Amino acid sequence: MKSKLSTVLESTINHCFEYGFLKKTPMPDYVIEIPNNPEHGHFATNLPLTLASGQKRNPLEIASVLVEHLIDNENLLEKAEAAAPGFINFKISPNEWYRVLSSIVRLKEDYGRNITGDNQKVLVEFVSANPTGPLHLGHGRGAALGDTLCRILSFCGYDVAREFYVNDAGLQVRILGESILSRFKQINDSTYPFPENGYHGDYVSDLAKKISEDIELNHMQDEEAIELCAQKGEEIMLEEIRKDLDEFRVSFDFWYCESDLFNSGLLDKTLKKLEEKKQLYENEGALWIRTSDFGDDKDRVIRKKDGQFTYFASDISYHLEKQKKGFTRAIDIWGADHHGYIPRMKAALSAHGFSGDWLSVILIQLVKLWKGGQEIKMSKRAGDFVTLQELVDEVGVDAARFVFLTKSNDSPLDFDIDLVKKQDSDNPVYYVQYAHARICSIFRKAALDGISLPDRPEGLLERLILDEEMALIRTMAGFPSLLADISRALEPHRLTYYLTDLAATFHRYFNSGTKTPAHRIVTNDVAQSQARLFLVQAVRFVISNGLGLLGISAPEKM
RNA sequence: GCGCCUGUAGCUCAGCUGGAUAGAGCAGCGGACUUCUAAUCCGCAGGUCGCAAGUUCGAGUCUUGCCAGGCGCGCCA
């Protein structure tokens, strides 16, 4: 609708230029928006205000000129008026709204699809948890955000691939191996030492038990046993992670192992390239990269004195691989504690000629857990954390995802487990789902009364004249551009607010029927009922499409 | 000390590229089910948008400086 309006405005402007009603000036940046105040119409534009300085005229006067010469070939508008200090307010004609409504029903589950992404190949990397322990709440937030973002990006015409980067090459996995072996030894010898930085969670003991069932750890050199424990432990953890994510309705196209970068020689190739670009130098026995040449505040170590490569080394290599696979854009979702890492990553990429916006990093602020009015500090090392699995068991996937997705990624999330548990009927997700279930219920009722949807809505829709009905259509009309905005701003949380708003508009409509029987959807006026069923069906499509993008179910009964 | 993020109603948070009278949920108070699901709806109350300057037709939104909180500033990952 906005794009149709901007077409109207632009042809109007050109017309005014051509006939000298306005001076020819460059087209300014202007906005078309939905005003807060309904008295200002369905849409409003600040175009006259933005033209004023170039035209050297009073903006209100410009507004009047534009309104007077408005070119509306498609009869989009019922009314357009100039308003102080220099807005134009538009009222869309009912017929145009009915056209929108028809198109929603025609498109069904495809309503909202758009081509904003222009088929651009984008790789979204998220979760990427170390395979040294179960997923916790923070990972859940990242998983919900990343997954929903991918769903929305695909819907908006991006060619999306999802990737989980497995950090299986570093020290962490070895420490996991040491922890497992220690727990195993402790079964018979409680004095056996536990590694200083070891993982304390109960799951480590479980891993020890499971691994020792298949492998005779006792008859092995410690070194060999640790390696086996690390390898087996990682395998099992990865499988658990995969299972948890699957249950959380999150899937990946690629699982990329850090170790592959070493084994395939890609890391060496990357180093060679950096060498050619004179980006590397040795100092005090370590190998450094000149990231400070590209905006980082200092140079970084790539190979330590002891000959081990840093995480950063493989990460550079990894990101170069993304581009080689043909992705013209990468989105990484990281915990906010990694924010200091962005400048060096971008610097390393710049050294390879990447443009600054090739990589977008979405930082997720931390999830704090509250229980019994107290904050619970989470630490994987100390084994003190609530797992994603536990959360899902408590509140269900739908509620968990919704809560994660109602906050902007920039906002820290206080997850009060008591509250969300208690919220089982209070949680906003049920509010949206209930609207969907209610609509399904209406259709069941209509079927009982022998009223079905019209084959052709023509001639019926003019019966939709209530404010509540028009409000529904208007809200639904904004769905595609909302999704396009989300895909550009990478802010999926806006969808939850939109759906809550749409559900509220529907509930209000529904309830107006309890007070005023003539407003009920199913009445004994068959044509009226059909028109309303048509409307309400569209609402059902939009809600179920929206919930689908959030990875949340749309129940037919509650 | 430097960097990133946050500060909006009692609480948890929205506020779309600056737009006209700042919103929702929860909590509080008062109402609405003989009729399509009351997991709903309606009403009331609740705000110096952290503070102070600046930019302009116009600032919760942009700039600067303070104040407060979170997170980073490793040859850890």
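Source: prediction; values computed, not measured. Computation of the quantities below employed the complete heavy-atom set of this structure, encompassing side-chain atoms and omitting hydrogens, waters and symmetry-equivalent molecules. Below, chain A is the first sequence line, B the second, and so on; all start at residue 1.
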May I ask you to check whether A/D332 and A/Y165 show a side-chain donor-acceptor distance below 3.5 Å? no
Distance-only side-chain donor-acceptor flag, A/T523 / A/D525, under 3.5 Å: no
Shortest side-chain distance from [X], nucleotide among [options]:
{"X": "A/K298", "options": "B/A20, B/C36, B/G74", "answer": "B/G74"}
{"X": "A/N37", "options": "B/U21, B/U40, B/C75", "answer": "B/U21"}
{"X": "A/Y341", "options": "B/A77, B/U40, B/C5", "answer": "B/A77"}
{"X": "A/Q172", "options": "B/C75, B/A20, B/C76", "answer": "B/C76"}
{"X": "A/H40", "options": "B/A20, B/A77, B/A39", "answer": "B/A20"}

Rounding to a whole Å, what distance do you find between A/N511:CG and B/A32:P? 14 Å
Non-hydrogen atoms of A/I180 and A/G233 that approach each other most closely: CD1-CA, 3.8 Å
Do you know which two heavy atoms are closest between A/E321 and A/L261, and how far apart they sit? CG-CD2, 4.3 Å
Using a heavy-atom cut-off of 4.0 Å across all strands, would you classify A/F510 as base, sugar-phosphate, or nothing? base
Ring-on-base stacking between A/F87 and B/G19, under 5.5 Å between centres and under 30° between planes: is it there? no
Donor-acceptor pair under 3.5 Å, A/H339 side chain vs B/G3 base: yes
Is there a donor and acceptor pair closer than 3.5 Å between the side chain of A/D337 and the base of B/G72? no
Does a nitrogen or oxygen in the side chain of A/Y498 sit under 4.0 Å from OP1 or OP2 of B/A24? no
On the nucleotide B/C73, are OP1 or OP2 found under 4.0 Å from the side-chain N or O atoms that A/R344 carries? no
In dot-bracket form, 5' to 3', how is RNA chain B paired? Count Watson-Crick and G-U wobble pairs only if both distances fall under 3.5 Å, and write | where the partner sits on another strand. (((((((..((((.....[...)))).(((((.......))))).....(((((..]....))))))))))))....
Just verifying a value: how many Å separate A/L274 CG and A/R290 CZ, rounded to the nearest 0.5 Å? 11.5 Å
Atom CG of residue position A/D467 - does it have more than 12 heavy atoms of other residues, nucleotides or ligands inside 6.0 Å? no
Start at the 5' end of RNA chain B and walk down; is the nucleotide closest to A/Q365 or to A/R303 reached first? A/Q365
B/C33: syn or anti, with syn meaning chi within 90° of zero? syn
List every contact pair, protein side and nucleotides 6-16 of chain B side both N or O, where the distance is under 3.5 Å.
{"unit_1": "B/U12", "atom_1": "O2'", "unit_2": "A/K407", "atom_2": "NZ", "d": "3.4"}
{"unit_1": "B/C13", "atom_1": "OP1", "unit_2": "A/P412", "atom_2": "O", "d": "3.1"}
{"unit_1": "B/C13", "atom_1": "O2'", "unit_2": "A/Y497", "atom_2": "OH", "d": "2.6"}
{"unit_1": "B/A14", "atom_1": "OP1", "unit_2": "A/S408", "atom_2": "N", "d": "2.7"}
{"unit_1": "B/G15", "atom_1": "OP1", "unit_2": "A/H493", "atom_2": "NE2", "d": "3.1"}
{"unit_1": "B/C16", "atom_1": "O2'", "unit_2": "A/R494", "atom_2": "NH2", "d": "3.0"}

